[in-house]
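One structure is given here, and the rest of the page talks about it.
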Amino acid sequence: MYFQDPKRYLGTNVVVTYRDRFGHLHTTSLYVREITYVPIYGGCLVGDLDNIWLDGVTVISPIS
C-alpha cells in the first residue's frame, strides 16, 4: 500500500489485514493516530495499540 492511500483513515477506527515478516496473515482493529514515513523502512500506520508497516497491509476497512 502506498503512503498516500490510508490518509483518509486518520482519526478513525479501522480493521487492518496485513502480512507479517514471515508471511502470516493477521487482522486487527485500531484507531489510526498518525501515518509516518521512515526513510529506510517506508510508511507506517501508528495506532493506539500497534504500529503496522504499510508494505504488509492488504486491506483497510473503516469500522462503522
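These numbers were taken from a predicted model, which means no experiment stands behind them.
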Review point. Within a strict 4.5 Å, meaning less than it, do heavy atoms of the Ile35 and Tyr9 side chains meet?
Key: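 Counting from C-beta outward, Ile35 and Tyr9 never come under 4.5 Å.
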
Exercise for review: Decide yes or no for Leu45 and Pro6: does some side-chain heavy atom of the first lie under 4.5 Å from some side-chain heavy atom of the second?
Suggested key: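 Yes, side chains in contact.
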
Practice item. Verify the cluster assignment for Tyr31 and Ile60: are they in a single hydrophobic cluster under the rule of side-chain heavy atoms below 4.5 Å apart? Key: no

Check your understanding: If you group Ile, Leu, Val, Met, Phe, Trp and Tyr by side-chain heavy-atom gaps below 4.5 Å, do Trp53 and Val59 land in one group?
Key -> no

Enumerate donor-acceptor pairs with a distance under 3.5 Å from any side-chain N or O in residues 13-26 to protein atoms, sequence neighbours excluded.
from: Thr17; atom 1: OG1; to: Thr27; atom 2: OG1; distance (Å): 3.4
from: Arg19; atom 1: NH1; to: Gly23; atom 2: O; distance (Å): 2.8
from: Asp20; atom 1: OD1; to: Phe22; atom 2: N; distance (Å): 3.1
from: Asp20; atom 1: OD1; to: Gly23; atom 2: N; distance (Å): 3.0
from: Asp20; atom 1: OD1; to: His24; atom 2: N; distance (Å): 2.8
from: Asp20; atom 1: OD2; to: His26; atom 2: NE2; distance (Å): 3.0

Check your understanding: Given Leu30, which of Ile52, Val46, Leu49, Asn51 fulfils the side chain to side chain contact (heavy atoms under 4.5 Å, CB included) condition?
Key ->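 One option only clears the test, and that one is Ile52.
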
